[in-house]
Amino acid sequence: MGGGGQLTEPGEPGSGRGDGVYTWEEVQRHCNRNDQWMVIDRKVYNTTQWAKRHPGGFRVIGHYAGEDATEAFTAFHPDLKFVKKFLKPLLIGELAATEPSHDRNKNAAVIEDFNTLRDQLESKGLFRAQPLFFCLQLGQILVLDALAWLIIWIWGTSWTLTFLCSVILAIAQTQAGWLQHDFGHLSVFKKTSWNHLLHKFVMGHLKGVSANWWNHRHFQHHAKPNVFSKDPDVNMLHLFVVGATQPVEYGIKKIKFLPYHHQHKYFLLVGPPLLIPAYFHAMIIYTVLWRRDWVDLAWIISYYIRFLCCYVPMYGVFGSIALICFVRCLESHWFVWVTQMNHLPMDIDHEKHRDWVTMQLQSTCNIETSLFNDWFTGHLNFQIEHHLFPRMPRHNYHLVAPMVHALCEKHGIPYQVKTMWRGLVDVIRSLKTSGDLWLDAYLHK
């Protein structure tokens, strides 16, 4: 870790002079919202003012304030030389020669081996996308959308056909969710601008959702998965207590917003059916208006205009609204189960400052591969590989998985692979375990 503070007088923060020499102790003092330093490749940057202009959102920058952000920086950005041009004016110095390259509890051997593996994957072309694969994904979505409408237009609006239409639309919406995920992670095109454009098209026009809202939320999840106050996916709004730490903290403090020892039961009524149609859409509306994101708002409006033009003539306004709400509910069930079985049963805790590989593996697990599982989850059954290499095209995950598994075995890092059924059951089991921990702490501590 080093200790002793600043060794020489630094340059003016953010001036780009970069003539300061610092210890980790000095860097770690600058870790709050109004004073943020970070280290990338041993260079020290003052990102305090620039964080608000960060394309991925200011919060993800803040999550690495006072830390070494090299691994996250490399994982998220496809063109490091280009991005470093924006860092140059923020440079205030570098780590002292006597300081280690990595801070706190990070395993240098794991980091070195992982960097070697990533270089090997780059050289093998496994970060290059196959255009046909993603064209087929988009084609699938457009065909399903058209099919749902044609069924109603040709055969009528009976309850049976309406239900069939809803299921097909839900499949299209979910698959569009997996596809926008690819564009959002810049894993399809070499040009970042093309990824952004297609991301807005799929997310905004095909799904009616804000692309920027998703980016700013999802990048935080990848940067610090299952870390309280940093990963928004474990911010349960007091509806649930998760992991092994939070339930005990709530219990000791006698916090009881809900009967958490029954959360594994009411989860089925609250989580899967309401996450997308209620919580996500409320957050999207609030975020778009608060940030005055008129571009995303225009894309969202284009979706609803298209949907209403297609279905109002057959269902009327009220019927069309009811249809889209039902579709959102079906989609929400699919989305919640797929995303939660990879993370909710895993380690959920406060910040532990672990290296990239250890942090991702302790918060993530895989689901067995099969043609159905790969399609059903959008290849997010390879959640470990996706979290380690978020820019990698998903059709290459199965090629990378054996190499990642070997790396984990070498360093004694658990690499968990479950059946689909066990993954689903573990969601409920983990909620019950956390609820029991809360009850015990609430009654006896």
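Using a cut-off of 4.0 Å between Lys/Arg side-chain N and Asp/Glu carboxylate O, E94 and R42 are scored as not salt-bridged. Residues D145 and R306 are paired through a salt bridge, judged by an N-O separation under 4.0 Å between the basic side chain and the carboxylate.
Judged purely by atom type and a 3.5 angstrom limit, N366 uses its side chain to pair as donor or acceptor with the backbone of I384. In this structure, N396 contributes its side chain and L399 its backbone to no donor-acceptor pair below 3.5 Å. Checking side-chain atoms of Q340 against main-chain N and O of G271 turns up no donor-acceptor pair under 3.5 Å. Using a distance-only test at 3.5 Å, with no hydrogens or angles considered, no donor-acceptor pair links the side chain of S302 to the main chain of H205. Put simply, the side chain of T339 gets close to the backbone of V336: a donor and an acceptor are under 3.5 Å apart. At least one donor-acceptor pair closer than 3.5 Å links the side chain of N195 to the backbone N or O of F189. A side-chain donor-acceptor contact under 3.5 Å links S434 to the backbone of G243.
Side-chain contact between L179 and I141 is present, with heavy atoms from C-beta onward closer than 4.5 Å. Looking at Q137 and R394, their side chains come closer than 4.5 Å, going by heavy atoms from C-beta outward. Considering only heavy atoms from C-beta on, D233 stays 4.5 Å or farther from H343 through its side chain. Contact annotation: the side chain of P273 approaches that of H333 to within less than 4.5 Å [non-hydrogen atoms, C-beta and beyond]. At a threshold of 4.5 Å between non-hydrogen side-chain atoms, the residues E368 and V417 count as touching. Contact annotation: the side chain of Y266 approaches that of Q263 to within less than 4.5 Å [non-hydrogen atoms, C-beta and beyond]. Residues S187 and M392 are not in side-chain contact: their nearest non-hydrogen atoms beyond the backbone lie 4.5 Å or more apart. Residues D293 and W213 fail the side-chain proximity criterion, which asks for heavy atoms closer than 4.5 Å.
Across all their heavy atoms, K254 and L443 have their closest contact at NZ-N, 4.4 Å. Contact between N46 and W37 at its shortest, heavy atoms only, is ND2-NE1, 3.4 Å.
With H185 as the fixed residue, the side chain to side chain donor-acceptor pair (under 3.5 Å) test singles out one of Q180, H199, H218: H218. Of the residues R354, K352, R104, K230, the one that meets the salt bridge (Lys or Arg N to Asp or Glu O under 4.0 Å) test with E67 is K230.
For W334 and W375, the ring centers sit closer than 6.0 Å to each other. Taking the six-membered ring for Trp and the full ring otherwise, the centers of Y397 and H379 sit at least 6.0 Å from each other. The aromatic ring centroids of H216 and F58 lie 6.0 Å or more from each other.
Classified by interplanar angle (parallel below 30°, tilted 30° to 60°, perpendicular above 60°), the ring pair W290/Y286 is parallel. A perpendicular orientation is assigned to the rings of F127 and F389, their planes being inclined by more than 60° (bins at 30° and 60°). Using bins of under 30°, 30° to 60° and over 60° for the plane-to-plane angle, the ring pair F376/F372 lands in the parallel bin. Ring geometry, F240 versus F267: the interplanar angle exceeds 60°, so the pair is classed perpendicular (tilted spans 30 to 60°). Relative orientation of the H181 and W214 rings is perpendicular, given thresholds of 30° and 60° on the angle between their planes. Using a 30° and 60° split on the angle between ring planes, H54 and W50 fall in the tilted class, from 30° to 60°.
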Show your reasoning for whether salt bridge (Lys or Arg N to Asp or Glu O under 4.0 Å) applies to R118 and E122. CA-CA 6 Å; R118 185 177 56 243; E122 289 272 12; 5.7 Å; no
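Residue pairs meeting the side-chain hydrogen bond (donor to acceptor under 3.5 Å, both in side chains) criterion with at least one member in residues 234-247, sequence neighbours excluded: H238-Y250, T245-D349.
To the nearest 0.5 Å, the span separating CZ on R429 from NZ on K432 amounts to 10.5 Å.
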